[in-house]
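To start, the structure under review is shown below, and the notes come after it.
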Amino acid sequence: MNLQDRIYILDGATGTALQQFRLTETDFRGEEFAQHPIPLKGNNDVLNITRPDVIRQVHQNYIDAGADIIETNTFNANAISQTEYGCSEWVERFNLEGARLAKETAAACKERKIYVAGSIGPTDKSLTLAPDPDQPTYRIVDFDTLANAYASQVTALIEGGVDLLLVETIYDGLNAKAALYAIAKVQEEKGTHLPVMLSATVNDKSGRTLTGQSLEALFTSLSHYPILSFGLNCSFGAKELHHFLRELAPRIPCYISIYPNAGLPNEMGEYDESPEFTALCLQNMAKEGLINIAGGCCGTTPEHIRAIANALKDIPPRKVPTSNHQLKVSGLDTVVVDKELNNFINIGERTNVAGSAKFARLIREKNYTEAARKQIEAGASIIDINMDDAMLDGTAEMERFVRIISNEPDIAKAAFMIDSSKWETILAGLKNTQGKCIVNSISLKEGEKDFLYKAKEIQRLGAAVVVMAFDEEGQATTFQRKIDICQRAYDLLTSQAGFTPENIIFDVNILAIGTGIEEHNNYAVDYIEAVRWIKQNLKGCRTSGGVSNLSFSFRGNNTVREAMHSVFLYHAIHAGLDMAIVNPAMLQVYDEIDPILLKAVEDVVLNRTPEATETLITLAEKYKETKGEVKTVQQEEWRNRPLEERLGHALIKGITDYLTEDLQEALAHYASPVEIIEEPLMKGMERVGQFFGEGKMFLPQVVKSAKVMKEAVHILQPEIEKHNAAPVS
């Protein structure tokens, strides 16, 4: 099957095609279901057994119309969907017969090769959405149950002889992940390598699925599997899907499929879109180079497929873009971890019961959303979720927390880092998250067998992974031990666990410095140099770390700790650090650190002199418990600066306390309120951008600066309106 040669044609709607046969309840029952207690009309999968002649004819009609790929009549042939009809025990037969009928019909075609796609529907049970808003943690079905149902279906389809597998009408990324998990497990067990097609359906004109994911975020969630094609079906009709395909085409490094409805159904539930119109819409897409596979969904008939085949026969297929090998994770939206794009990713740590006493209290009080929402508001695009606490059932709390925040769009737009030392808790997080997560973490501490088992399962569940620099001998503290462990883990993950380098994140252990113990003096340097080595030698891998560990010996002295974190990150980012877990409130702007403190901290971080620690300990006494006084002095100092400097300082520091006062003064100095925005305010934001680009400011700080700018414009807005309304002299 060479999709680079031409656009391949998929068949049309099975349900629409069956309507022409005017089937009755008797046709659905046949001899096999004569005594079945539940009505079966509408359960089309039953017809594989009771009316195989009809199913053969449907396949033949689509082949005659020009289809290169026909789907098995198995859209609902899984134990979850068939429970409604009381037919769960018939699932294996439905799939075996469905595959056999399609293969026999395809084989009878002598003019060309016809491929059979095993159709796998989504079921009507969502793993992500709570069916009752008053019970946000309740789900009708869980991940393992759905994955097992899919595994039975996939097994039978493969045994029936299908050429490829089609997971279609995806409206929930987690349901699709369960399907891919089942496919991966079954194919590994059987030693098969059938190609897999994925097709989503969008719920509204914004181009999101029913569970709120953007199409790119959905693809990111499912991109761990070697997908043959990704695309759209069902939805609104071909014309309405054109711009979604245009957005996807340059971003998706696999083939693209499209098989839309024949428009939206009318008030009678029928589809009015003509074959000619559907074909014209798809032809327009094909001429833009957007399509590799095209067909039809609800309402499309053999006439639609014939028109599509004729309209596309002389148009070359879309050229697949090469992957840029970025690390992409997702919630409802995609988060790209790429230093060239965003310099550095700050991972919010205040959803970690070990890192935040407040969060631990909120979890115990069952107040699940407050802390997570504050992290997003502070600028975190990835949140670290950890429930490891002796007073909590971490696994149950992880499941409960992730399920709740998955139904909060303002939180769920972020990607989740599932953080736990307990394997069962990690699984609970992954099996309840529709986006692509990061697992924090695994290591070689228990040996290669345990490491590979966990790594393979994480890969099947579609997550990137943080690897700690631990092995059977313990934690790596020296540069050489760090890089030796990372090289070994890299070789195992890429050669045996199916990971691509961009989905591997190394944490080479940020350890406490400034402790007074000589062996600790080079810990930060060893970390920074190990990061540099990884970026140069393990191409494509990312790096991370937990920054708060660095300043542990200065706990209680936040001024010194903030300076240490900012200095360390400045140098680590320049060495190649991609992301870190850090409390945004525990950071300073590098260039705004008191110069004396900056030098003392930098001497400790970079281990410049033997007496660096002692010097910082002595200096730290100035800031300990007098932090308020120091800030008052600093505050008074900046308040005495010229107006432009005060406005710039407020923007850089994210301070709004004096904004109204300073802007009133500015109105007396500048010709117009717009000039205030264009001059001192924009110059301040330019400095913010410069600091961010140089790694001297971090995203949460930039977000605060942007809020100050927004507030300043809001304050000036009435003056702008008055100025614009004034008569010209």
Side-chain angles (χ1 to χ4, degrees), residues 11 13-19 21 23-60 62 69-107 115-125 141 145-169 175 178-179 182-183 185-187 190 192 194 196-197 199 297-298:
D11 62 9
T14 299
T16 301
L18 288 171
Q19 291 174 5
F21 293 94
L23 301 172
T24 67
E25 179 70 19
T26 302
D27 293 297
F28 285 85
R29 287 185 174 277
E31 294 180 5
E32 292 84 353
F33 297 94
Q35 305 304 315
H36 195 72
I38 299 174
L40 293 176
K41 187 175 181 181
N43 185 10
N44 292 341
D45 306 86
V46 172
L47 298 172
N48 294 336
I49 294 172
T50 62
R51 290 297 306 269
D53 58 316
V54 170
I55 301 303
R56 283 196 193 92
Q57 190 60 54
V58 169
H59 291 322
Q60 189 61 56
Y62 281 125
I69 306 167
I70 57 172
E71 295 184 46
T72 57
N73 177 42
T74 56
F75 185 80
N76 286 310
N78 62 77
I80 305 297
S81 299
Q82 288 299 325
T83 298
E84 175 186 352
Y85 295 100
C87 293
S88 296
E89 71 276 13
W90 287 83
V91 164
E92 182 179 3
R93 278 283 307 280
F94 291 164
N95 285 287
L96 283 170
E97 292 302 316
R100 184 181 63 81
L101 290 170
K103 284 294 289 184
E104 287 178 357
T105 313
Y115 296 89
V116 172
S119 172
I120 301 169
T123 82
D124 63 351
K125 307 295 188 291
V141 67
T145 301
L146 185 56
N148 288 336
Y150 279 134
S152 298
Q153 180 177 20
V154 170
T155 298
L157 287 171
I158 293 174
E159 290 175 355
V162 298
D163 302 302
L164 50 96
L165 298 165
L166 172 54
V167 181
E168 58 181 335
T169 321
N175 284 38
I183 290 169
K185 295 278 280 188
V186 170
Q187 297 231 70
K190 288 185 165 293
T192 57
L194 270 63
V196 174
M197 298 171 62
S199 185
C297 199
C298 304

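All residue numbers refer to positions in the sequence shown, counting from 1.
In this structure, the side chain of N48 does not engage the main chain of R93 through any donor-acceptor pair within 3.5 Å. Of the possible donor and acceptor atoms, none in the side chain of S81 sits under 3.5 Å from a partner among the backbone N and O of A77. Proximity of a side-chain donor or acceptor of D11 to a complementary backbone N or O of E71 within less than 3.5 Å is detected. The backbone N or O of A79 sits less than 3.5 Å from a side-chain atom of S88, completing a donor-acceptor pair. Checked by atom type and distance alone, the side chain of Y62 pairs as donor or acceptor with a backbone atom of A13 at under 3.5 Å.
Contact detail for A182 and A147: the closest heavy-atom pair is CB-O, 3.3 Å. Heavy-atom minimum distance, A99 versus G161: CB-N, 4.4 Å. For I70 against A102, the heavy-atom pair with the smallest separation is CD1-O, 3.6 Å. Across every non-hydrogen atom of K190 and I158, the tightest pair is CD-CG2, 3.9 Å. Here the closest heavy-atom approach between residue I38 and residue E25 is recorded as O-OE2, 4.5 Å.
Using a 4.5 Å heavy-atom cutoff, the side chains of T123 and Y150 are in contact. Looking only at side-chain heavy atoms (C-beta outward), V116 and T72 come within less than 4.5 Å of each other. Residues D27 and V54 fail the side-chain proximity criterion, which asks for heavy atoms closer than 4.5 Å. Side-chain contact between I183 and V196 is present, with at least one heavy-atom pair separated by less than 4.5 Å. Looking at heavy atoms from C-beta onward, P52 lies out of side-chain contact with E97 at the 4.5 angstrom threshold. Put simply, the side chain of W90 does not reach to within 4.5 Å of the side chain of D45, judged on heavy atoms. A heavy-atom distance below 4.5 Å is not found between the side chains of T50 and L40. No side-chain heavy atom of K125 sits less than 4.5 Å from a side-chain heavy atom of L146.
Atom CD in E159 sits 10.0 Å away from atom OG1 in T192 (nearest 0.5 Å). In this structure, L18 CG and N44 CG are separated by 5.0 Å, a value rounded to the nearest 0.5 Å. Rounded to the nearest 0.5 angstrom, T74 OG1 and L96 CG are separated by 10.5 Å. A distance of 9.5 Å separates CG in N148 from NZ in K185, rounded to the nearest 0.5 Å. The NZ atom of K103 lies 9.5 Å from the OH atom of Y115; values are rounded to the nearest 0.5 Å. Summarising the geometry, atom OG1 belonging to T145 is positioned 6.5 Å from atom CD1 belonging to I80; distances are rounded to the nearest 0.5 Å.
Shown here is E92, whose CD atom has no more than 12 heavy atoms of other residues, nucleotides or ligands within 6.0 Å. Summarising the local packing, CD of E89 is surrounded by more than 12 heavy atoms from other residues, nucleotides or ligands at distances under 6.0 Å.
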**OP:** I would like to know whether L194 and L157 meet side-chain contact (heavy atoms from CB on, under 4.5 Å); could you show each step before the answer?
**Re:** CA-CA 11 Å; L194 270 63; L157 287 171; over 6 Å; no
**OP:** Walk me through it: do Y85 and V46 pass the test side-chain contact (heavy atoms from CB on, under 4.5 Å)?
**Re:** CA-CA 10 Å; Y85 295 100; V46 172; over 6 Å; no
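A side-chain donor from one of N43 and Q82 sits under 3.5 Å from a side-chain acceptor of the other.
Tested against F75 for a side-chain contact (heavy atoms from CB on, under 4.5 Å), the candidates I120, L166, T169 yield a single pass: T169.
Ring geometry for F33 against H36 counts as perpendicular: the plane angle is over 60°, on a 0 to 90° scale with 30° as the lower cut.
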